[in-house]
**Q** 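The structure follows.
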Amino acid sequence: MMPKDELSKAYDPKPVEEKWGKFWLDEGLFVADPHSPKPKFSMVLPPPNVTGILHMGHALCFTLPDIITRWKRMRGHNCLWLPGTDHASIAVHNVIEKSLAEKGLSREKIGRDEFLRVAWEWKEKYGGVITGQLKRLGASLDWSRERFTMDPGFTRAVKQVFVSLYEEGLIYRDYFLVNRCPHCRTVLSDIEIEHKDLRGKLWHIRYAVEGSDESVVVATTRPETMLGDTGLAVHPDDGRYAHLRGRRVVLPLQNKPIPVVTDERVERDFGTGAVKVTPAHDPVDFELGKKHGLEQVIVIDGSGRMTEAAGPEFAGLDRFAARAKVVERLSALGLLVKVEDHDHAVGHCYRCKNVIEPHLSWQWFVRIKPLADEAIRAVEDGRIEFVPANWAKTYFEWMYNIHDWCISRQLWWGHRIPAWYCRDCARTMVAMEAPAKCDRCGGALDQDEDVLDTWFSSALWPFGTLGWPDETEDLEAFYPTDLMSTGFDIIFFWVARMIMMGLKFRGRVPFRHVFINGLVRDLKRRKMSKSEGNIIDPLEMIDKYGTDALRFTLAALAVPGMDLALSEERMAGYQAFANKIWNASRFVLMNLGEDRPEVREDELTLADRWIRSRLAAVTDALDASLTQYKFYEAADLLYHFVWHEFCDWYIESAKVGLRAGNRTTRAVLADGLDRILRLLHPFMPFITEEIWQHLPGAGKSITVAAFPVAGPGWRDEALERDMALVQAVVEETRKVRTENKVAPREKIRLIAVEGPAQAPSTGSGKAAVVRSEAELVKALAGLSTLEFAEALPEGERVLKGVAGPFELGLVVEKPADLGQERERVQKEMAKAEAEAERIARKLENPDFVAKAPAAVVAENRSRLEELSVRLAKLGQNLAKLSGPA
RNA sequence: GGGCGGUUAGCUCAGCGGUAGAGCGUCGGUUUUACAAGCCGAGGGCCGCAGGUUCGACCCCUGCACCGCCCACCA
């Protein structure tokens, strides 16, 4: 514990964050114990890419679960939050290949082994950047268990899963039309393709019917693929083309006859109703081709260039250049019938944004339906809950229509596919370790050149990180995990696949709750991107406003499932909040000695009891909010309570008790602060630890201090109403004096007159409360005296107000500006009248009185009564104001 | 084409059957020994539009409009 005079006047986050961030890790406060008797709470961190640097998306997605973890830890859970990083095949390739290119090298030039050596070297050097940044966020991760998706243990898990699925027939190899990115030079799965609507053209091309003068016009958005056409399809019921059945058409430019087939999938209403079929370059055509036994001619290669098969005129051209040339040639031949504008969706690579090319090749696939079925059930029957629940619908939608998953990638950085091919007999062997020779013919083997989709390994994260395939203590103790916090953009990529793999290999769901956070946008609701230049860098924000302010901002904006618009102003606001906490704490600490006084029940003031009642209410509400992952609600609760109840009312009230030397008020102040710090700690870990350590009798660390539980009998709503009445008198007095421009330093006399007995809700009969709290009212409202009388004195130096059952008279030095005062009273009356009228109308409605719940009717009745009393008093005041003027 | 979200104060957002809320911004006052990153006070809203249900609708239902996402093999 440091001496308290070290608390500076303003909160300076930097040294505090450095000190406690290090302390928590040195003390191993976040290291989980698989043998702990406490209830467990576990999570795995969505592993950021090793290439990554921390962005706001990370900050949000890591701050929110950290709040939950810290809360659970303080509530006595044995918490494990396991960190790690992802090898991110394509991202690393892009980085390494770029640096190779700068040296005039390429991955082909240096070869696989050298490439991997360079990649590992790079990983060792830069892979720690993001983890270092993560620590600054204050995320309470167990770094003793940090993992990497390509570390030896995890690699074993990946191989094990591949081999098992292969042996079960759930992984297979096939010659299939897949998506290939010519830039990244690898194939991709369906969900790695982003469809964007582009303004394109629809070219109508004439194909001659073989052996006749007739011709057929087809429409296409990709004329260059016609070079690979191997058929022409029409609808079987289309009368226009009935006579073409069984005939052939001649493919222009290639001068090659191709058959006419009929298929119900042809839309008669689109284009001309006749469609060219290019089985090697279009997914629909691929299926049509298979069904009708059409040839597959590859005219575009994996780099997006035309092949020899495209003909000497086109071979070697880029696909887009070829398109222009095909159109030009067709036009010259008079075969281009017309060209229309046509918007259509074009697939783009999700990494590099280039246009995807359908590509026919041998690839590995996961037969996904059997895995998906069980994963669907797990969400249907509630073993897994999405928060907010409507994301389950998105999940189901995808899972019901799921396609087999292409998992091979033509890359080197990643998990190499554990498959070997015999050079002599075409035998394929799949095994954990390289077999010595072909088990059928004894021939030499070559390992598959490809690596696995990065998401294939990510899918195993929740159990692969805990030691699987070994049955470890960690696996036993911490699987299934409790919560997965992630963005909606990777529900398909990651969440769904973790569920499938977890169920398949552990027989249990990988996590119980999936919290879906929104996207962090800028103030104008634009996505943050480098090209827009609207990135808000979390580290910069931490330097500027402090980690706690950043965390609190993210929490306060985190409405489940909603995107959030981040603003620096907001962060500055929460920086001010941190400072407010700091200063309130300074005040409390200043009034404390070396030890904390005991609360004596009989010495508790109204304000003391009130703040304890409020504390009890907030504690319960906070638990409820966090249980439902309503971070914004929890943050609001705390902000409002700390600033506007504890600071604005309680500390100000407590000063009265402190001046009187009340030990119990000091005790309540200290206890209140202690509780507030603990309630706030999950949101603002650093500042709360720093202050808490200054409290007499503090424990080792607030991270493991007990989360507050409301004291028995603290909540007292009747007492809160008493306090509300005191507050109403204070507020009315402040208002009247401000509006009459009475100097704040002028101590005025206040005379209170309690009205006749009225409805209970007006607080009638509570004069005693205000009377006994006279000192409090005087202090808070800046009064010289507070007197109680039968009637208010008259005169131009008496300003009048109404608070609950009281008429208030403020005796001031300077006469009031009657005109202005009259205006003020009139405005108040108008407001009250409008409300009274609305309520009266409601009460005059017999249906309302008969059908609305009795309590609602009663509430309206008493409110109306209250208003009429108020109106009467205001009316009298107004009359008197009008008199002498 | 299917699905999901949004539309509330100048801005960013809560609320979701019973008297319209917060933060920031605006306006006025204020250096009262925790805090001017503060304190005190004020102003500001036909809760997207049109119907319906209800004693009562920002809230529930049905349409519509606009904005934003996701999915999808009309070439």
Side-chain angles (χ1 to χ4, degrees), chain A residues 7 9-11 191 194-195 202 218-222 225 233 265-272 274-278 282-288 342 344-345 388 390-391 393-394 397-398 401 488-489 491-492 518-519 521 523-525 527 545 549 556-557 559 561-567 569-570 572-591 630 632-633 636 639-640 644 647-648 651-652 655 731 734-739 741-745 779 781-782 834-835 838-839 842 845-853 855-857 859-860 863-864 867:
Chain A
L7 285 189
K9 199 168 168 182
Y11 174 56
I191 52 174
E194 290 173 354
H195 292 274
L202 196 57
V218 299
T220 180
T221 54
R222 298 200 56 196
T225 65
R265 286 175 71 176
V266 176
E267 293 282 338
R268 276 174 283 184
D269 301 334
F270 188 87
T272 60
V275 58
K276 60 191 265 320
V277 183
T278 322
D282 181 277
V284 181
D285 293 6
F286 175 73
E287 285 179 27
L288 281 180
H342 180 70
H344 66 298
N390 58 299
W391 283 108
K393 193 164 178 174
T394 303
E397 205 59 39
W398 187 65
N401 302 304
F488 58 81
D489 50 332
I491 291 178
F492 305 149
L519 220 59
R521 295 170 175 278
L523 199 48
K524 291 176 186 154
R525 307 207 61 78
K527 252 180 166 167
Y545 303 103
L557 295 173
V559 178
M562 293 273 295
D563 287 356
L564 51 96
L566 195 63
S567 74
E569 286 77 19
R570 190 85 186 233
Y574 290 121
Q575 180 194 28
F577 180 50
N579 199 51
K580 186 77 182 174
I581 295 164
W582 184 256
N583 279 295
S585 303
R586 282 174 60 220
F587 177 80
V588 174
L589 290 169
M590 247 181 228
N591 283 286
K630 292 186 175 175
Y632 67 100
E633 196 177 84
D636 264 8
Y639 182 90
H640 182 263
H644 300 301
C647 294
D648 289 351
I651 288 188
E652 294 309 316
K655 286 175 182 174
E731 283 172 336
R734 284 172 179 168
K735 190 168 101 181
V736 173
R737 58 186 291 167
T738 302
E739 299 208 333
K741 306 217 185 310
V742 176
R745 56 183 341 133
E835 196 189 337
R838 206 172 49 233
I839 294 172
K842 218 192 275 190
N845 180 350
D847 279 336
F848 173 72
V849 178
K851 294 182 183 169
V856 173
V857 177
E859 208 180 302
N860 276 279
R863 178 68 185 153
L864 183 59
L867 284 166

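Order of the sequence lines sets the chain letters (A, B, ...), proteins ahead of strands, with each chain counted from 1.
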**Q** Indicate, with a heavy-atom threshold strictly under 4.0 Å, whether Leu566(A) touches base, sugar-phosphate, or nothing.
**A**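 The answer is nothing, as Leu566(A) stays clear of every strand by at least 4.0 Å.
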**Q** What contact category does Asp636(A) fall into here, base, sugar-phosphate, or nothing, at under 4.0 angstrom with non-hydrogen atoms?
**A**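 Nothing: the residue Asp636(A), judged by heavy atoms under 4.0 Å, touches no strand.
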**Q** Heavy atoms under 4.0 Å, any strand shown: does Pro846(A) hit a base, just sugar-phosphate, or nothing?
**A**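 Pro846(A): no heavy atom of the nucleic acid under 4.0 Å.
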**Q** Please determine whether any donor N or O and acceptor N or O are separated by less than 3.5 Å between the side chain of Lys393(A) and the base of C4(B).
**A**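 No, the side chain and the base share no sub-3.5 Å donor-acceptor pair.
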**Q** Taking only the P atom of each, what is the distance from C47(B) to C59(B) in whole angstrom?
**A**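 Each nucleotide's P atom is 10 Å from the other's.
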**Q** Could you check whether Lys655(A) pairs with Glu652(A) (Lys NZ or Arg NE/NH1/NH2 to Asp/Glu carboxylate O, under 4.0 Å)?
**A**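 A salt bridge links Lys655(A) with Glu652(A).
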**Q** Can you check whether His644(A) has a side-chain N or O nearer than 4.0 Å to OP1 or OP2 of G38(B)?
**A**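 For G38(B), OP1/OP2 do not have a side-chain N/O of His644(A) under 4.0 Å.
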**Q** Taking atom C1' in both A9(B) and G48(B), compute the distance separating them and give it to the nearest angstrom.
**A**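 Straight-line distance between the two C1' atoms is 16 Å.
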**Q** May I ask you to test the Phe587(A)-Ile651(A) pair for a side-chain heavy-atom distance under 4.5 Å?
**A**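 Result yes, sub-4.5 Å side-chain heavy-atom pair found.
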**Q** Name the nucleic acid region contacted by Val849(A), choosing base, sugar-phosphate or nothing; use a 4.0 angstrom heavy-atom cut-off, strictly under.
**A**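 Contact class for Val849(A): none.
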**Q** Report the distance from atom CD of Glu652(A) to atom C1' of A34(B), rounded to the nearest whole Å.
**A**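 These atoms are roughly 9 Å apart.
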**Q** Check every strand shown and say whether Asp648(A) touches a base, only sugar-phosphate, or nothing at a heavy-atom separation below 4.0 Å.
**A**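 Result for Asp648(A) = sugar-phosphate.
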**Q** Please indicate whether Glu859(A) has more than 12 foreign heavy atoms, meaning atoms of other residues, nucleotides or ligands, lying under 6.0 Å from its CD.
**A**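 Not more than 12 within 6.0 Å, no.
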**Q** Does OP1 or OP2 of U19(B) have a side-chain N or O of Arg863(A) closer than 4.0 Å?
**A**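 False: Arg863(A) side-chain N/O out of range (4.0 Å or more) of U19(B) OP1/OP2.
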**Q** What distance, rounded to whole Å, do you find between the two C1' atoms, one in G44(B) and one in U26(B)?
**A**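 So the two C1' atoms sit 9 Å from each other.
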**Q** When you compare G18(B) with C60(B), how far apart are their P atoms, in angstrom units rounded to a whole number?
**A**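 The same atom, P, in both gives a distance of 11 Å.
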**Q** If you only use heavy atoms from C-beta on, which nucleotide in C55(B), A34(B), U19(B) is closest to the side chain of Lys851(A)?
**A**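 Of C55(B), A34(B), U19(B), C55(B) is nearest to the side chain of Lys851(A).
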**Q** Are the side chain of Asn579(A) and the backbone of Gln575(A) linked by a donor-acceptor contact shorter than 3.5 Å?
**A**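 Checked: no pair found.
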**Q** With rounding to whole Å, what would you report as the distance between G38(B) and A50(B) at their P atoms?
**A**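 Their P atoms lie roughly 42 Å apart.
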**Q** Check whether any side-chain heavy atom of Tyr639(A) lies under 4.5 Å from a side-chain heavy atom of Phe577(A), and answer yes or no.
**A**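 The answer is yes; the side chains approach within 4.5 Å.
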**Q** Taking the C1' atom of each, how far is C24(B) from U62(B), in whole Å?
**A**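 Their C1' atoms lie roughly 38 Å apart.
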**Q** Toss me the dot-bracket line for RNA chain B: Watson-Crick and G-U wobble, both under 3.5 Å, 5' to 3', using | for pairs to another strand and [ ] for crossers.
**A** (((((((..((((....[..)))).(((((.......))))).....(((((..]....))))))))))))....
**Q** Do the side chains of Leu564(A) and Tyr632(A) get nearer than 4.5 Å, heavy atoms only?
**A**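 No, every pair of side-chain atoms sits at 4.5 Å or beyond.
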**Q** Identify whether any heavy atom of Glu739(A) sits under 4.0 Å from a base atom; if not, whether one sits that close to sugar-phosphate; answer base, sugar-phosphate or nothing.
**A**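 Contact class for Glu739(A): sugar-phosphate only.
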**Q** Are the side chains of Leu867(A) and Ile839(A) in touch, meaning some heavy atoms are under 4.5 Å apart?
**A**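 Leu867(A) vs Ile839(A): side chains touch.
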**Q** Between Arg745(A) and U31(B), does any side-chain N or O lie under 4.0 Å from OP1 or OP2?
**A**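 Looking at the OP1 and OP2 atoms of U31(B), one of them is under 4.0 Å from a side-chain N or O of Arg745(A).
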**Q** Any base atoms under 4.0 Å from Lys735(A), or only sugar-phosphate, or nothing? Heavy atoms, all strands.
**A**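 Touches sugar-phosphate only.
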**Q** Determine the contact category for Ala565(A): base if any of its heavy atoms lies under 4.0 Å from a base atom, sugar-phosphate if only primed atoms, P, OP1 or OP2 are that close, otherwise nothing.
**A**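 Sugar-phosphate contact only.
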**Q** Would you mind classifying the nucleic acid contact of Tyr639(A) as base, sugar-phosphate or nothing, using non-hydrogen atoms under 4.0 angstrom?
**A**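 The residue Tyr639(A) makes sugar-phosphate contact but no base contact.
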**Q** Picking from G18(B), C40(B), C4(B), which would you name as closest to the side chain of Arg734(A)?
**A**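 The answer is C40(B).
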**Q** Counting only side-chain N and O atoms of Lys9(A), is one of them less than 4.0 Å from OP1 or OP2 of C35(B)?
**A**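 For C35(B), OP1 or OP2 has a side-chain N or O of Lys9(A) closer than 4.0 Å.
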**Q** Is the shortest side-chain N/O distance from Tyr632(A) to OP1 or OP2 of G15(B) below 4.0 Å?
**A**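 Result: yes.
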**Q** Determine yes or no for a side-chain-to-main-chain donor-acceptor pair under 3.5 angstrom, with Arg737(A) supplying the side chain and Ala743(A) the backbone.
**A**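 The answer is yes, because a donor-acceptor pair under 3.5 Å joins these two groups.
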**Q** For side chain to side chain donor-acceptor pair (under 3.5 Å), just list the numbers for Arg863(A) and Asn860(A), CA-CA rounded to whole Å, side-chain angles, deciding distance to a tenth of an Å, and then say yes or no.
**A** CA-CA 5 Å; Arg863(A) 178 68 185 153; Asn860(A) 276 279; over 6 Å; no
**Q** Hey, which sits more toward the 5' end of RNA chain B by its nearest nucleotide, Ser585(A) or Asp847(A)?
**A**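 It is Ser585(A), whose closest nucleotide lies nearer the 5' terminus.
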**Q** Go along nucleotides 68-75 of chain B 5' to 3' and tag each nucleotide: B for a protein heavy atom under 4.0 Å from its base, S when only backbone or sugar atoms are that close, - otherwise.
**A** ---S-BBB
**Q** Please state how far atom CZ in Phe587(A) lies from atom C1' in C35(B), giving the value in whole angstrom units.
**A**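 For the pair Phe587(A) CZ and C35(B) C1', the rounded distance is 11 Å.
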**Q** Map Leu564(A) and Ile839(A) onto RNA chain B by nearest heavy atom, then report which one ends up closer to the 5' terminus.
**A**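 In this pair, the answer is Leu564(A).
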**Q** Hey, is the side chain of Glu633(A) pairing donor to acceptor with the base of A22(B) inside 3.5 Å?
**A**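 Result: no qualifying N/O pair found.
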**Q** What does Lys655(A) touch in the nucleic acid at a heavy-atom separation under 4.0 angstrom: a base, only the sugar-phosphate, or nothing?
**A**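 Base contact.
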**Q** Taking only the C1' atom of each, what is the distance from A36(B) to G29(B) in whole angstrom?
**A**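 Per the computed distance, 14 Å lies between those C1' atoms.
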**Q** Which part of the nucleic acid does Ala743(A) contact within heavy-atom distance under 4.0 Å: base, sugar-phosphate only, or nothing?
**A**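 Nothing: the residue Ala743(A), judged by heavy atoms under 4.0 Å, touches no strand.
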**Q** Would you please test Phe270(A) and Val275(A) for side chain to side chain contact (heavy atoms under 4.5 Å, CB included) and show each step?
**A** CA-CA 9 Å; Phe270(A) 188 87; Val275(A) 58; over 6 Å; no
**Q** Taking the C1' atom in each of C27(B) and U32(B), what is the distance between them to the nearest angstrom?
**A**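 Nearest-Å result for C27(B) against U32(B) at atom C1': 23 Å.
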